[in-house]
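As structure tokens, the structure follows; a few thoughts come after it.
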Amino acid sequence: MPRIIWAGQSGCLLPLLIIFNLLFGRVIFNSTYLWLGIEAALIFIFIIKIHIFLKKISQQVGPEGHNPHDRIVDVEGKVVEEK
């Protein structure tokens, strides 16, 4: 089943749309207000997505700088000689 790009993993699509609209939006949209409104909306959506992304990262890292759900495993290393 194909994934929907806009659902969460937009990657570079939104910044590409912002740059494309900034460069060619005046040609596509005849109204300057419409062009700048769409540009502002794209930038606003981009800022919201960055905010959500950073919030998810900060929740996983935790306040101490490490994941509280990690388990520490002590493993004794042994040198294995090759034949």
Practice prompt. Can you sort out the partners of Leu16 under side chain to side chain contact (heavy atoms under 4.5 Å, CB included), two or more places apart, ordered by chain and number?
Written response: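 Not a single residue meets the side chain to side chain contact (heavy atoms under 4.5 Å, CB included) criterion with Leu16.
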Worksheet item: CD1/Ile18 to CD1/Ile38 distance, rounded to the nearest 0.5 angstrom?
Response: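 That separation rounds to 12.5 Å.
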Practice prompt. Would you give the length of the straight line joining atom CG of Leu17 to atom SG of Cys12, rounded to the nearest 0.5 angstrom?
Written response: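 The SG atom of Cys12 is 11.0 Å from CG of Leu17, to the nearest 0.5 Å.
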Using residues 19-26 as the side-chain source, report each donor-acceptor pair under 3.5 Å to any protein atom, sequence neighbours left out, with the distance given to one decimal.
residue, atom, partner, partner atom, Å
Asn21, ND2, Glu39, OE1, 2.8
Arg26, NH1, Asn30, O, 2.7
Arg26, NH2, Thr32, OG1, 3.3

Worksheet item: Under a single-linkage rule joining Ile, Leu, Val, Met, Phe, Trp and Tyr whose side-chain heavy atoms are separated by less than 4.5 Å, which residues share a cluster with Phe44?
Response: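 Phe44 clusters with Ile48, Ile52.
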Worksheet item: Would a hydrophobic clustering, with Ile, Leu, Val, Met, Phe, Trp and Tyr connected at side-chain separations under 4.5 Å, put Ile43 with Tyr33?
Response: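 The answer is no; the residues belong to distinct hydrophobic clusters.
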Practice prompt. Answer with yes or no whether the hydrophobic clustering places Val27 together with Leu42; edges join I, L, V, M, F, W, Y residues whose side-chain heavy atoms lie under 4.5 Å apart.
Written response: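 No.
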